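What follows is a set of notes on a single structure, which appears directly below.
Values reported hereafter were calculated over all heavy atoms of this structure, with side chains retained and with hydrogens, waters and symmetry mates removed. Protein chains get the first letters and strands the later ones, always in sequence-line order, with residue 1 at the start of each. This is a predicted model, so every value here is computed, not measured.
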Amino acid sequence: MIDFKKNYDPKEIEDRWYAFWEEKGYFKPSSDSEAPSFSIVIPPPNVTGSLHMGHALNATVQDILSRWKRMQGFRVLWLPGTDHAGIATQNVVERQISKDGIDRHKLGRDAFIQKVWEWKAEYGGRIIHQLKKMGASCDWSRERFTLDEGLSKAVREVFVKLFEEGLIYRDNRLINWCPRCHTALSDLEVEYEDLEGRLYYIKYPVSGTNEFIVVATTRPETMLGDTGVAVNPEDERYSGFAGKFLELPLTGRKIPVVYDQAVDSAFGTGAVKVTPAHDFNDEAMGKRHSLASLTVISEDGRMAAEAGERYAGIDRYECRKRIIHDLKELDLLEGEKKHPHAVGHCYRCKTIIEPLQTIQWYVKTRGLADDAVKSVEQGRTRLIPDSWNNNFYAWMRDINDWCISRQIWWGHRIPVWYCPDCKTDSGVQQGDIIEHVFFEPVSGRISGSYSELRKAGLPHDDIVANSKTIRVSKLVKPLCGKDDISECPSCKSRNIIRDPDVLDTWFSSALWPFSTLGWPEQTGDLKAFYPTSVLVTAFDILFFWVARMMMMGGKFMDDVPFKDVYIHALIRDAHGHKMSKSKGNVIDPLIMTDKYGADAFRFSLAAFAAQGRDIRFSEERVEGYRFFINKLWNATKFILNYSSDYKRKPLDQNKLDLSGRWIVSRLSFAADEVSRNLENYRFNDAAGSIYHFVWHEFCDWYIELSKPALYNGSEEEKEAVLCCMFHLLENTLKLLHPFMPFVTEEIWSLVFEGSGSIMVEKFPSNLPKVDDAERQMAYVLDAVNGIRSVRGELNVSPGLEIRADIKALSKEAEEVIKANLPPILKMTRSKEINVGMDVSRAKGSAIAVMNMIEIYIPMEGLLDIKAEVARIGKEQEKIAKDIMFINKKLSNEDFIKNAPPDVVAKDRSKYELLLQKKSKLDDNLNLLKTVEG
RNA sequence: AGGCGCGUAGCUCAGUGGGAGAGCGCUUCCCUGACACGGAAGAGGUCAGGGGUUCGAUACCCCUCGUGCCUACCA
């Protein structure tokens, strides 16, 4: 006899089973190369991250799919890993070393990177460990990191190829710059937030007159870089200013008035200052009118030398105050007012970004994006739910070139070198236009062009090693190669300078579906598992990541990276707010697994995961699913209680009684539902199907129906029931295993001792069905439900055993009920039930009218006639309403003419049934009234 | 401003061109030999509002209101 605890306790078993599976190698793809492949690459979590709700849902979905497919016989690979999160990781380590007063520049590039690797070795595995707690069946032997040697090789290969094809290029234009992270950011890495700003009205004197043009701006500090003022050509207020100049206050520079359609006359004063070096719109406007571009804010967010002596070196927001103050002194500030507007922030550190003109590397995305769109349009990649298609198309249509260079150290360094000793095509010495800024003075120099510094006697290596920033003019010819370059191929100089920038982390993530499988080598994994079967992700990285993988996959693999993209919801708190640390509404998934067990938590996430809607997380529901697991546990315990000396036999349908045939049929139905729903990524429906079967069919009905046979039945009856029970339990556990791996494995091991792990069992399909069981079972269900209703509604004491008379309206009904009397008696707490086609109502009986039977329950003078009349009357009313409704439909010629015949037929038979029921209710009611009960 | 979505039982949400379902909560009753993490019986909904298409609309179309998100702009 197995020692079965009263209630299920997940704590002691989860880690044990996880270790067991891993040790057995079950997470690795089977070596059966004939089996069809099923592959998933994990969306690599940030190596600095720890598991949050989003990861938990994401991992649960992937694990359900992986375990399910594995049980279906697929050769499953779920490949895990993390990304190196360039900016985030660098920030973490910089903070760490700054506690010891160390700046990364003092440490030097190589030593700093070494520090980051050390940090990664110590803390980088946290999220992996947390995924294991969730039960994730990833193949850890294939775990990858975006900075691994192999993945770095892939990055290099891709960069060089794109460079050679001209799809990667350098350009000098305005980009989003984070002054704190000290790097460029892509468009996507900027988050806009509404802030309460101020709109300042500033008077710009018109040269040679006493007039002013008043401009309105939210960023007065940028006026130092103004190179024009624009007005709308239609704006009559400004019609006379063509060709005139303004005197830019605080600088004395003369700037032109230009006319541009883009100016909104209704906003502010209808005149807008133009600062091409610090605003994206102004940059475009400047280009249209050939205005100069003057950078007045530098990379650290302080005013640059060009801002003038009075302002240079002070912070951009301090400068704003000073400008306002100075304008007031000059009486050039006409006014100011509150003005809410959206301001871009760095997605990593939340610092307000500064548009800056810099030279960066870009990927030309147009053609790649068009191909990605085609793969969705042609269905080679499906987005699920497909309501995302339009969003995807729209974004891809408007995509800008992708800025991929970052001015940080942690990441894939750009494989490009520059030779200062060569000349540009136009004959300029390249060393003259490569500018170095040192971290601290070297031989008394803090900056200068490469040529100058060499002339001043600094050795090449010192110049490079001490450079905080290297600005390489666009004119300098980049040297790019698969292998590192140590000498200039044309002039053979060994004094070459490597581009200091690294690539955007997403650049390497974009290669993830094939770089992790060994590309650029043509590996067996690549052949077996690319394209991957499905990508599971949330919509918030659809563009960041999914779109870019599609672009790169199409370009380098000539095939989509995944056939399906299942886009799951975002998890919000119970009030629908996004979870965030600052709001303090974060729920830690590990606390959930600790409190309720990983299985209950996973099942909840699956049950929440309806397509197309965000999830409001409710802890109560997790608790509810823990109860469900306990229910399963106790059902198992019940079976084992009565089977200690039972030897398991294969299911023989001929030996089953009606309830057995019925429940076997229901199981088959439930199994089909689970599979069908999983096929369609309907995880909530799949979870619901199995939940309903286990609780409301298996436990509520079959176990109860089988009790008489188990308690008092013959050996044969008992054996038939147990045989059925084990069939149900076995398949239920298998159906549940992808959702709840731990408890199913635990029960499996206890019940089906010696049969190995449930993980490698076959997922149920094509289970036996029984056609007529449902119809016949309806009589039994009606009998039980009818009697229970009467008992409940008339408050018959639960302990009181009653008698019931059942009038069967068909021979079949009579026979079925007679054959199933013991469970009906037990389930209705009846001591006696008379069944027959000629049974009639005894005086003082309560009444229940069902479809094929009528039930009379003698109340021994306790029947409250008035209450019973009211009860029956209420039911009559309901039926009368239904009859009226259907009658109206059936007497409508258009309905008969236009509705599908089966619908009409269905309504007709429903109508007949209702009429019958009504007449029976009428008869019984008359009886009640006329003969005083 | 444009786009997408949502509004169904007290709450959280499924759902479908043929008179609406679940879980939790609520009411009444029961520790009946798997389970009180349980069992039985109930109550509860103009499917946001208005219009249209249809024999028939909660579902499809349009409008309004409320609500959430995304994208762009905001001098």
Look at the side chain of Arg621(A) and decide which nucleotide, out of A14(B), U12(B), C37(B), has an atom nearest to it. U12(B)
In this structure, is the centre-to-centre distance between the rings of Phe601(A) and Tyr596(A) below 6.0 Å? no
Under 3.5 Å, is there a donor-acceptor pair between the Tyr347(A) and Glu189(A) side chains? yes
Taking for each residue the nucleotide of RNA chain B with the nearest heavy atom, is it Tyr192(A) or Tyr711(A) whose nucleotide lies nearer the 5' end? Tyr711(A)
Whole-Å P distance, G42(B) and G56(B): 36 Å
Under a 3.5 Å cut-off for both contacts, is U71(B) paired Watson-Crick or G-U wobble with anything, and if yes, with which nucleotide? A1(B)
Between protein and nucleotides 40-44 of chain B, what N or O pairs are separated by less than 3.5 Å?
from   : atom 1 : to        : atom 2 : distance (Å)
A41(B) : O3'    : Ser789(A) : OG     : 3.4
G42(B) : OP1    : Ser789(A) : OG     : 2.8
G42(B) : OP1    : Glu793(A) : OE2    : 2.9

Quick one: does Asp599(A)'s side chain have a donor or acceptor within less than 3.5 Å of a partner on Val743(A)'s backbone? yes
Salt bridge or not between Glu673(A) and Arg676(A)? Use side-chain N to carboxylate O under 4.0 Å. yes
Base-pairing mate for C37(B) - Watson-Crick or G-U, with both contacts under 3.5 Å: none
So, with a heavy-atom separation below 4.0 Å from RNA chain B, the residues of residues 883-895 of chain A are Phe885(A), Asn892(A), Asp894(A), Phe895(A)
Report the nucleotide, chosen from C69(B), C30(B), A34(B), that has the shortest atom-to-atom distance to any side-chain atom of Phe539(A). C69(B)
When the P atoms of G50(B) and U71(B) are considered, how many whole Å apart are they? 36 Å
Ignoring backbone atoms, establish whether Lys910(A) has a side-chain N or O less than 4.0 Å from OP1 or OP2 of G19(B). no
So for Lys897(A) and C55(B), does any side-chain atom that can act as donor or acceptor lie under 3.5 Å from a complementary atom in the base? no
Looking only at atom P, what distance separates U53(B) and A59(B), rounded to whole Å? 15 Å
Would you call Asp9(A) and Lys11(A) a salt bridge, taking side-chain N to carboxylate O under 4.0 Å as the test? no
Have Arg397(A) and Tyr393(A) got a donor and an acceptor in their side chains that come within less than 3.5 Å? no
Chi angles and distances behind the ring pair (Phe, Tyr, Trp, His ring centres under 6.0 Å) call for Tyr642(A), Tyr711(A): CA-CA 9 Å; Tyr642(A) 294 94; Tyr711(A) 293 166; 5.7 Å; yes
Minimum-distance nucleotide (side-chain atoms of Glu620(A) versus C24(B), C29(B), C35(B)): C24(B)
Strictly below 4.0 Å: does Lys707(A) bring a side-chain N or O up to OP1 or OP2 of A34(B)? yes
Pairwise 5' ranking along RNA chain B for Tyr200(A) and Ser797(A), keeping only the more 5' one: Ser797(A)
Rounded to the nearest 0.5 angstrom, the OG1-CZ distance for Thr744(A) and Phe739(A) is 11.0 Å
Can you confirm whether the side chains of Lys637(A) and Asn634(A) place a donor and an acceptor under 3.5 Å from each other? yes
Looking at the side chain of Arg829(A), which of U32(B), C35(B), G5(B) is the nearest nucleotide? U32(B)
Think Arg682(A) has a side-chain N or O under 4.0 angstrom from the OP1 or OP2 of G15(B)? yes
